[in-house]
Amino acid sequence: MTQDLKQKDWSTQTRRALSATEIVAALAQLEGWRLQGDGAEVAIEKTYRFANYYQTMAFVNALAFVAHAQDHHPDLSVHYDRCVVRLNTHDVGGISSTDFDCASRFDALLT
């Protein structure tokens with residue numbers, strides 16, 4: 001398992017909602033992720049595209065494994081040739097560093 005996929009212990013970290021400036025800076029480090037929504041519904045979101053349903057589902061299953069290991073679960077919209085992943089941290093009422101950490105782990109599944 002690569003370093004990007006090893007479990008992180010979130011219980012040892014103080015989580016907080018990131019400021020707009022922090023979110024913009026963190027988004028600049030990730031390819032294809034964008035800010036969606038506002039207020040309590042604000043999230044980062046990315047659409048992953050695939051050639052067919054089988055590839056889409058293989059990615060969704062791998063993503064579910066990582067999300068479970070990280071104890072941080074995205075909202076997913078699964079379609080024949082794509083999966084839309086949406087991340088936010090409900091217990092802080094916004095976007096936290098946990099969301100960006102998980103986003104980079106999900107991207108690592110395809111590298």
Side-chain angles (χ1 to χ4, degrees):
M1 187 175 291
T2 70
Q3 182 64 24
D4 287 335
L5 297 179
K6 287 187 181 170
Q7 186 171 6
K8 195 172 220 177
D9 184 1
W10 300 114
S11 68
T12 64
Q13 300 181 7
T14 302
R15 292 198 292 181
R16 64 176 177 78
L18 298 175
S19 70
T21 302
E22 291 171 314
I23 292 169
V24 169
L27 276 173
Q29 303 301 310
L30 294 173
E31 187 175 329
W33 288 88
R34 64 180 187 257
L35 191 61
Q36 289 292 109
D38 56 16
E41 297 300 315
V42 70
I44 57 172
E45 182 178 287
K46 181 174 182 175
T47 300
Y48 293 90
R49 297 196 178 276
F50 302 95
N52 54 49
Y53 189 71
Y54 175 79
Q55 289 178 3
T56 303
M57 292 309 298
F59 173 76
V60 168
N61 286 321
L63 185 148
F65 176 82
V66 173
H68 178 71
Q70 296 306 309
D71 194 26
H72 195 65
H73 306 95
D75 291 327
L76 304 176
S77 178
V78 180
H79 308 272
Y80 174 81
D81 61 351
R82 69 194 179 284
C83 176
V84 180
V85 179
R86 185 175 171 87
L87 284 162
N88 66 3
T89 304
H90 299 286
D91 59 335
V92 302
I95 298 170
S96 72
S97 59
T98 304
D99 298 307
F100 286 101
D101 183 83
C102 285
S104 68
R105 291 171 189 267
F106 299 157
D107 286 350
L109 291 171
L110 298 176
T111 57

Colleague: Report the C-alpha distance between Leu76 and Val85 in whole Å, list the side-chain angles of each, state the deciding distance to 0.1 Å, and finish with yes or no for side chain to side chain contact (heavy atoms under 4.5 Å, CB included).
Modeller: CA-CA 5 Å; Leu76 304 176; Val85 179; 3.8 Å; yes

Colleague: Given the rule in the side chain to side chain donor-acceptor pair (under 3.5 Å) test, do Arg15 and Thr98 qualify, once you have shown the distances and angles that lead to the verdict?
Modeller: CA-CA 8 Å; Arg15 292 198 292 181; Thr98 304; 3.3 Å; yes

Colleague: Looking at CD of Glu45 and CG of Leu35, how far apart are the two atoms once the value is rounded to the nearest 0.5 Å?
Modeller: 10.0 Å

Colleague: Can a donor-acceptor pair be found, under 3.5 Å and without considering hydrogens, that links the side chain of Asp99 to the backbone of Ser96?
Modeller: yes

Colleague: What heavy-atom pair brings Leu109 and Ala62 nearest, and what distance separates the two atoms?
Modeller: CD1-C, 3.9 Å

Colleague: What's the shortest heavy-atom distance between Asn88 and Gly94, and which atoms?
Modeller: CB-O, 3.6 Å

Colleague: Of the non-hydrogen atoms in His79 and Tyr53, which two are nearest, and what is the gap between them?
Modeller: O-CD1, 4.1 Å

Colleague: Rounded at 0.5 Å granularity, tell me how far CD1 in Ile95 sits from OG in Ser19.
Modeller: 10.5 Å

Colleague: Give a yes or no on this: more than 12 heavy atoms of other residues, nucleotides or ligands lie within 6.0 Å of atom CZ of Arg49.
Modeller: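 Check fails, neighbour count at 12 or below.
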
Colleague: Is it true that Val24 and Phe100 fall in one hydrophobic cluster, defined by side-chain heavy atoms closer than 4.5 Å?
Modeller: no

Colleague: Using the rule that two of Ile, Leu, Val, Met, Phe, Trp, Tyr join whenever any of their side-chain heavy atoms come within less than 4.5 Å, decide whether Val92 and Val42 are in one cluster.
Modeller: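 Different clusters.
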
Colleague: Answer yes or no: is there a side-chain heavy-atom contact under 4.5 Å between Ser104 and Leu30?
Modeller: yes

Colleague: Are there more than 12 heavy atoms of other residues, nucleotides or ligands under 6.0 Å from atom CG of Asp38?
Modeller: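 Count not over threshold, so no.
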
Colleague: Count I, L, V, M, F, W, Y as connected when their side-chain heavy atoms are under 4.5 Å apart, and connections chain through other members. Are Ile44 and Val84 then in the same cluster?
Modeller: no

Colleague: Nearest 0.5 Å, what's the NE2-CD distance between His90 and Glu41?
Modeller: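 It is 8.0 Å, given to the nearest 0.5 Å.
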
Colleague: Out of curiosity, does Leu110 fall in the hydrophobic cluster containing Phe106 (side-chain heavy atoms, cut-off under 4.5 Å, transitive links)?
Modeller: yes

Colleague: Looking at Gln70 and Asp101, what are the two nearest heavy atoms and their distance?
Modeller: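 Taking Gln70 first and Asp101 second, the nearest heavy atoms are OE1-OD2, 4.4 Å.
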
Colleague: To the nearest 0.5 Å, what is the distance between OG1 on Thr89 and CZ on Arg16?
Modeller: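 The distance works out to 11.5 Å.
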
Colleague: Measuring from atom CD1 of Ile23 to atom CH2 of Trp33, what distance do you get when rounded to the nearest 0.5 angstrom?
Modeller: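 These two atoms lie 13.5 Å from each other.
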
Colleague: Tell me which one of Lys46, Gln36, His72 satisfies side chain to side chain contact (heavy atoms under 4.5 Å, CB included) with Leu87.
Modeller: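 Going through Lys46, Gln36, His72 one by one, the side chain to side chain contact (heavy atoms under 4.5 Å, CB included) with Leu87 is satisfied by His72 alone.
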
Colleague: In this structure, would Tyr80 and Met57 fall into the same cluster of hydrophobic residues linked by side-chain contacts under 4.5 Å?
Modeller: yes

